[in-house]
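Below you'll find the structure, written out as structure tokens, and then a few comments.
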Amino acid sequence: MDSPVGPRHATVRSTWVRTVRAVHPRLVRPAHPSGLIGVGVARVARALGALLCGVLVVVVPSPSAGAVDGAGIDPNPIVVTAEQGSATVSVSWSGAVPGKLVFIDICRRSIGDPMFRPSRDCSALGQSTPNGTADGAGVAPHEVFRGQDPAGERWGCYAPDDTAPPGVMKLTTCFVRVTDTSLFNVDADSEVPFGFEGPGRVDPGAGENDGGAAPPPPTLPAVAESATAPVVADAAPSLTPTGDPAPGESIMVAGSAAGSGVSITG
Amino acid sequence: MKLKQLIGAALVAGTLLSGTALTSVAGAAPEPSGWDDVNDAVRGGGSDTTYNFMQRAEVLFNQANGCDTDNATPTVTPNNLGKCLTGASQKATDTAGNWDHDYFFSLFPTGSSAGVSALKLGDVDYARSSRGPSGVGDAPLNFWAFGKDALGIITFGNRTPGNLTLAQLKDIYECRITNWNQIDPSLPSATIEPIGMNSSSGTYATFNTLVGVVANNNSCVKRIGGPTGAFPQENDVKPVINDPLINEDNAIWWMSWAEYRAFDYKRGSAKLWRVEGRDLTTTSVNNSSYPLTRLVYHVTKDPIAPAAPGSSDLTGANGGAQGAVQEFTEFLCKPAAGHTLNNFSGDSNYVELADIYSATGYLRVPAAERTNGICKMETT
């Protein structure tokens, strides 16, 4: 599982990925090991997982559409001084659709994670978009932040001895993600896990980016009490969801005066 | 996720018992607010650049939590179908969404300046604008910046992007630099074809302001379909590339960076240039180190204004479409802590709005530039 799949397998691997995702979009994806393992690991694992589950997978000859492959960053790990809050690395890739815009992002979650969503898991302020190239391969500089996500989200990329602000998730492995055409192209993206090396730093944080305290919402006027007005036995519950019941758990509702009721089982 | 709770709530609410009266909630629209317990239809119009963003934000607002509605099958008209129940029948308590279920829709783009004029005339209830207030003519309006964007300088076809200074850009559009080998002497001789833009466009107005030109006024600036044709609508390169009278290898234009990175179909084969040695990245837009950054706006009539300096709580309209616009403006501008949950995803509407920013390519207004909630309010 540790040997990266070479470039000549890129087309087949990408075909497996698209086929597996189409058949089993919620297959659990193994987490990336930290280090310099390339993108092929998770995708081959997913394909094998499909076979083990007895899913019939049909290999379709790969169309001309590309799959970003061979993503790399240099240097990695990124050596930083105690004061550095960012560093510029060289990001390389191949396999992008020729001529299509390339998206390079800094993400907190692996693309192999079934919960990965580019808009939620990649920094809104950590992106660059190099122009597409004629052969779908390229190299471009990219600034990587060290510390809290500059967009103010509650996560950040840190050296092992760094101190994160209270409430900010300290990640010592983040991901440089490369895709083409659209940020939301999750069918052909590639990633490289990275980390920082160097003396620890106390991160001042990026500050709150969510606007801080809010003014109180408008208030509802109360209705005058009446002994003869129709009333309800209990106040209506808030529409704020508190999570689904566990499977098999049921909820009961108050019976009516006639004694009938309804049980809803999850 | 919410089905069981909703079913439970409905069943409990439908169970009536006689006996001791309890204080009910909600006799009328929540105050202070622009709500009036009536579903108001609200029209927006103007910018092409912000059209997609505002459509998505409208959908989010339209479906936001609010009052319990009168759902009795109507037998006469007019009737109260869809309006908020009043008195003891009203059980809803969430006033952080869209209380009286006003519904917003966006008219097809005409350009920012056209939309702003339409708002002044009352043809629309709010305007979309990709340019800020332009002078005393916009005085009765408030411009609420909700996002940050930039102008990307683009070429097409086989032209390899490089770097341009602002002075070179100005000279190109004022017809003093007319050949690509004046930009780079190593390039073969080729006549530069600068493309103009719909003059009602905010993207056009912003370019003129930032570069110091009136682009369309110059003889070398091209239209679609020849000298008697129209200047192209902003942010869509297809008419430029498909025009047989324009050599795409020699053409130069500009477009919204947000639209460029969000919409492949509109971007086409366009490629970005560096300007003043700066690449267009989220960092360079956020900190304005890229020289052609801009804010994009939601525009309202002036009475809709902050209730206090620096507040995202607004005042100025008590009902009707303008009351609805006041509440929608608050929805766009209020901090995360002021939002309620979306009924479909269970995520905060603030998070749902963040997804819209990502989908449409905008950044939120940087914290240092905000004046009211997460927006920046500008007036003339």
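Only heavy atoms go into these numbers, but all of them, side chains included; no hydrogens, no water, no symmetry mates. Proteins get letters first, then strands, A, B, ... in listed order; numbering begins at 1 in each.
- With a 4.5 Å cut-off on side-chain heavy atoms, B/Arg267 and A/Leu101 count as touching.
- With a threshold of 4.5 angstrom between heavy atoms, B/Asn286 approaches chain A through side-chain atoms but not through N, CA, C or O.
- Closest heavy-atom contact between A/Gly212 and B/Pro335: O-CB, 3.4 Å.
- For B/Tyr260, the parts lying under 4.5 angstrom from a heavy atom of chain A are both the backbone and the side chain.
- No other option in A/Ile104, A/Thr181, A/Thr129, A/Leu183 has as many heavy-atom pairs under 4.5 Å with chain B as A/Thr181.
- Side-chain contact between B/Thr283 and A/Glu143 is present, with heavy atoms from C-beta onward closer than 4.5 Å.
- In this structure, B/Phe263 and A/Ser182 have side chains that are not in contact, with every pair of non-hydrogen atoms separated by 4.5 Å or more.
- Proximity to chain A (any heavy atom under 4.5 Å) is shown, for B/Ala354, by neither the backbone nor the side chain.
- Within the 4.5 angstrom heavy-atom criterion, only side-chain atoms of B/Arg370, from C-beta onward, approach chain A.
- In terms of heavy-atom pairs under 4.5 Å with chain B, the best-connected choice from A/Pro218, A/Gly211, A/Gly99 is A/Pro218.
- Put simply, the side chain of B/Thr282 gets close to the backbone of A/Gln127: a donor and an acceptor are under 3.5 Å apart.
- Interface remark: A/Phe103 contributes side-chain atoms only to the contact with chain B (heavy atom separation under 4.5 Å).
- With chain A as the partner, the residue from B/Ala359, B/Gly373, B/Ser269 showing the most heavy-atom pairs under 4.5 Å is B/Ala359.
- For the pair A/Arg120 and B/Asp347, the minimum side-chain heavy-atom distance is below 4.5 Å.
- Chain A forms more heavy-atom pairs under 4.5 Å with one residue of B/Ala262, B/Gly338, B/Ala337 than with any other, namely B/Ala337.
- Heavy atoms of B/Leu363 lying under 4.5 Å from chain A belong exclusively to its side chain.
- Within 6.0 Å of the CZ atom in B/Arg278, the count of heavy atoms belonging to other residues, nucleotides or ligands does not exceed 12.
- Side-chain contact, A/Ser119 with B/Asp355: a donor N or O sits under 3.5 Å from an acceptor N or O.
- Of the possible polar contacts, one joining the A/Asn131 side chain to the B/Leu272 backbone as a donor-acceptor pair under 3.5 Å is found.
- Within the 4.5 angstrom heavy-atom criterion, no atom of B/Asn158 approaches chain A.
- Here the CG-NZ distance, from A/Leu220 to B/Lys91, works out to 12.5 Å after rounding to the nearest 0.5 Å.
- In summary, A/Asp210 and B/Lys334 do not engage in a salt bridge, as defined by a charged side-chain N under 4.0 Å from a carboxylate O.
- In this structure, the side chains of B/Pro30 and A/Thr219 stay at 4.5 Å or more apart for every pair of heavy atoms.
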